[in-house]
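Here is the structure we will look at, set down as structure tokens.
Residue numbers begin at 1 in each chain, while the letters A, B, ... track the order of the sequences.
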Protein chains: 2
Amino acid sequence: MLKEERHRVIINEVELHNRILLSDIAEQIGVSMDTIRRDVKELDADKQLKKVHGGAIALGFTNYATENKNIYALEDKIKIATKALSLINTGNTILIHGGTTCLELAKLIPNKLEITCFTTSLAVALELLTKKGVDVFFIGGRLSKDSQISIGANAIHQLLDITFDYSFIGTGYVDINYGLTEFDLESVQVKKAIIKSSKKTVLLSISEKLNSKHRYKTCEINAINTMITELDPDDMLLENFRKQDIRLL
Amino acid sequence: MLKEERHRVIINEVELHNRILLSDIAEQIGVSMDTIRRDVKELDADKQLKKVHGGAIALGFTNYATENKNIYALEDKIKIATKALSLINTGNTILIHGGTTCLELAKLIPNKLEITCFTTSLAVALELLTKKGVDVFFIGGRLSKDSQISIGANAIHQLLDITFDYSFIGTGYVDINYGLTEFDLESVQVKKAIIKSSKKTVLLSISEKLNSKHRYKTCEINAINTMITELDPDDMLLENFRKQDIRLL
DNA sequence: AAAATAATTGCAAAAAACTGCAAAGACAAA
DNA sequence: TTTGTCTTTGCAGTTTTTTGCAATTATTTT
């Protein structure tokens, strides 16, 4: 087998599985490990993949990539939170749910903006307490050890007694067909209650989460009134969402 | 499994749960703790997460809220909290109110003690969330800006729906004749509700507060079942209280 | 203060990478 | 076809990296 052919096979495998073991490929193609090692070295130099000890991984699967992604993600989240903030007016009664993007929103709220703000998140509550103008209410309930947010029947019950001008929520996954979905069922139940109690529900989601889904459904995409991503509302990636009855920001 | 793959798994878990235990990850991936420890060390050096004793936490997940800012009389408070802890048994449903002494109690609760614990204090809640065996519930309500505890009708309403085996409260002032008093009316109202909902109410108070009083009354001294100070129950200073129908500890 | 957990260190076995080399193969010019 | 040159490949020996274990030390918990 020619070198070029082997290279093609290797790249194929990497793209298919995101990672390969040199030993697997050597056996599969039927050449020595040394040869494959040299092939992978070349492909690495050509920036076709990243060579690691024992194998190779697809570009974009490296930790450098995730590191950069996270740095950008924070900027994106601030961008999203800034747009969300523009919706809030003096005198509003709002709810801010948990999650890193929602926490950014809480951080961005100006000291003197006079609003009433409910939250289910300990972190958001602590942040809001530093804002002079904000009247802070915590929705009690069982606290999730992981996310430090209120869940359970108690929280839901309280939520349903209140009407929010706006509620700001994140989600684990969004998909145009599957709607908002989560990894965790209890989280879903709380979010359902939030949506029910809100005049307008605003979804804060980085574009990375678009077109992904998981086990438990919070709601259809149309149950959301406004969706905010870090992208421009005219962005190609949002094309499908523009056809829906939601406001993009 | 390639090292890079393990790294990805670890980062994923940290992002999902905010914190991980090395032992959990080691078991999940099926390698020794040493290997995971080395992985986490590298990821920490890469600023992908923060390594802590026994595990790792997501960047930006540190708690300043429960740090001891007020080390005044800390020794005494720990002594009080230790005595209070001795009252709690497996399976109990208790309430821990706010204040530095109550926070000490929360800190002292052993990891594996299995109890259900309610609280009105953000700091106490955050502390309790670190305890494996504790089911944590937060009593929602309006949050006081300075004390970071729930107050208001909402909190009171929730409290009255529950029965606690023990509730642990502090007070601004105690006097044998005037009972428990406070500077703040809303705090009094919440404490009244707590006392009403508790089979046994335990007062945690440093002796310095004895024989002092203020404007708003929570209850008579007899409404308290147990009073804990840093002093020996036989101490002269507690002579008056011994004549009352309260247990001293 | 004692017990339980976790971190560190040094070490050894295993796996992988590197090095130099020689045989095999590719290819152009004679 | 043959020859000479250059590249590719596999092999053997050496070095490096990874990993798990055991003994020690440090930290946390009770």
Side-chain angles (χ1 to χ4, degrees), chain A residues 1-10 14 19-46 49-57 63, chain B residues 1-10 14 19-46 49-57 62-63 66-68 74-75 77-90 92 103-115 127-134:
Chain A
M1 183 181 296
L2 293 176
K3 188 161 75 163
E4 293 304 319
E5 271 184 273
R6 287 199 312 271
H7 283 200
R8 262 191 335 96
V9 172
I10 293 169
V14 167
R19 63 128 218 184
I20 53 168
L21 298 178
L22 296 195
S23 50
D24 285 353
I25 297 289
E27 194 187 351
Q28 182 187 329
I29 297 183
V31 291
S32 77
M33 287 260 292
D34 295 87
T35 301
I36 298 297
R37 191 176 344 275
R38 279 184 272 241
D39 287 339
V40 167
K41 209 170 185 177
E42 283 179 43
L43 290 170
D44 180 287
D46 277 5
L49 46 69
K50 176 141 170 62
K51 185 177 182 335
V52 298
H53 191 97
I57 55 179
N63 290 318
Chain B
M1 179 173 317
L2 295 171
K3 185 166 76 169
E4 275 65 22
E5 289 182 87
R6 289 199 312 268
H7 285 198
R8 273 199 72 76
V9 171
I10 293 169
V14 167
R19 61 153 163 253
I20 55 168
L21 294 177
L22 296 193
S23 50
D24 288 351
I25 297 288
E27 194 187 351
Q28 181 186 332
I29 297 184
V31 293
S32 77
M33 288 260 291
D34 295 87
T35 301
I36 297 297
R37 187 173 292 119
R38 281 184 269 239
D39 286 339
V40 166
K41 209 170 185 176
E42 283 180 44
L43 291 171
D44 181 289
D46 277 4
L49 46 70
K50 181 155 164 53
K51 187 178 182 331
V52 296
H53 192 96
I57 57 178
T62 35
N63 260 335
T66 61
E67 272 170 26
N68 279 353
L74 183 60
E75 288 297 318
K77 286 171 183 173
I78 291 175
K79 202 181 283 182
I80 294 170
T82 307
K83 292 188 202 175
L85 183 60
S86 71
L87 295 172
I88 305 172
N89 293 307
T90 303
N92 279 172
L103 180 56
E104 281 313 314
L105 172 57
K107 286 185 179 174
L108 285 178
I109 289 178
N111 219 321
K112 61 186 182 187
L113 178 60
E114 304 219 333
I115 56 173
E127 187 58 41
L128 290 173
L129 282 173
T130 68
K131 314 288 180 177
K132 256 191 179 162
V134 180

Problem set entry | Donor-acceptor contact present, side-chain Asp24(A) to main-chain Leu21(A), <3.5 Å | no
Exercise. Roughly, in whole Å, what's the span from NZ in Lys112(B) to C1' in dT5(C)?
Worked result: 12 Å
For this session: Decide side-chain contact (heavy atoms from CB on, under 4.5 Å) for Ile25(A) and Val40(A); before the verdict, give the C-alpha distance in whole Å, the side-chain angles of both, and the deciding distance to 0.1 Å.
Result: CA-CA 10 Å; Ile25(A) 297 289; Val40(A) 167; over 6 Å; no
Problem set entry | Nearest heavy atoms of Val31(A) and Ile36(A), plus distance in Å | CG2-CD1, 3.6 Å
For this session: Go through the steps to decide whether Arg19(A) and Glu4(B) satisfy the test salt bridge (charged side-chain N to carboxylate O under 4.0 Å, His left out), and finish with yes or no.
Result: CA-CA 9 Å; Arg19(A) 63 128 218 184; Glu4(B) 275 65 22; over 6 Å; no
Problem set entry | Steps toward side-chain contact (heavy atoms from CB on, under 4.5 Å) verdict (Lys3(B), His7(B)) | CA-CA 6 Å; Lys3(B) 185 166 76 169; His7(B) 285 198; 3.6 Å; yes
Exercise. What is the distance, rounded to the nearest whole Å, between atom CG of Asp44(A) and atom P of dA17(C)?
Worked result: 12 Å
For this session: Check whether any side-chain heavy atom of Leu49(A) lies under 4.5 Å from a side-chain heavy atom of Asp44(A), and answer yes or no.
Result: yes
Exercise. For the pair made of NZ in Lys41(A) and P in dT19(C), what is the distance, rounded to whole Å?
Worked result: 6 Å
For this session: Return yes if some donor-acceptor pair links the side-chain N/O of Asn111(B) with the main-chain N/O of Lys132(B) below 3.5 Å, else return no.
Result: yes
Seminar exercise, completed: Shortest non-hydrogen pair, Ala106(B) vs Leu128(B), comes out as CB-CD2, 4.0 Å
For this session: Name the nucleic acid region contacted by Val40(A), choosing base, sugar-phosphate or nothing; use a 4.0 angstrom heavy-atom cut-off, strictly under.
Result: nothing
For this session: With the side chain counted from C-beta on, respond yes when Thr35(B) and Ile29(B) share a heavy-atom pair under 4.5 Å apart, and no when they do not.
Result: no
For this session: Please list residues of residues 21-32 of chain A whose heavy atoms come under 4.0 Å from any atom in DNA chain C, ordered by number; otherwise none.
Result: Leu22(A)
Exercise. Do you know the tightest heavy-atom contact between Lys107(B) and Lys131(B)?
Worked result: O-NZ, 2.7 Å
For this session: Nearest whole angstrom, please: distance from the P of dT19(C) to the CE of Met33(A).
Result: 16 Å
Exercise. Quick one: Asp34(B) CG to dT5(C) P, roughly how many Å, whole number?
Worked result: 17 Å
Seminar exercise, completed: So the contacted stretch of DNA chain D, first to last nucleotide with an atom under 4.0 Å from a non-hydrogen atom of chain B, runs from dT18(D) to dT30(D)
Exercise. Whole Å only: how far is the CZ atom of Arg37(B) from the P atom of dT9(C)?
Worked result: 12 Å
Seminar exercise, completed: For Ile10(A) and Ile20(A), the nearest pair of non-hydrogen atoms, with its separation, is CG2-CD1, 3.8 Å
Exercise. Taking atom P of dA6(C) as reference, at what distance in whole Å does atom CZ of Arg19(B) sit?
Worked result: 14 Å
Problem set entry | End axis versus end axis in the helix from dA1(C)-dT30(D) to dA30(C)-dT1(D), the angle rounded to 10°, five pairs used at each terminus | 40°
Exercise. Checking all strands, does Lys131(B) fall into the base, sugar-phosphate, or nothing category for heavy-atom contacts under 4.0 angstrom?
Worked result: nothing
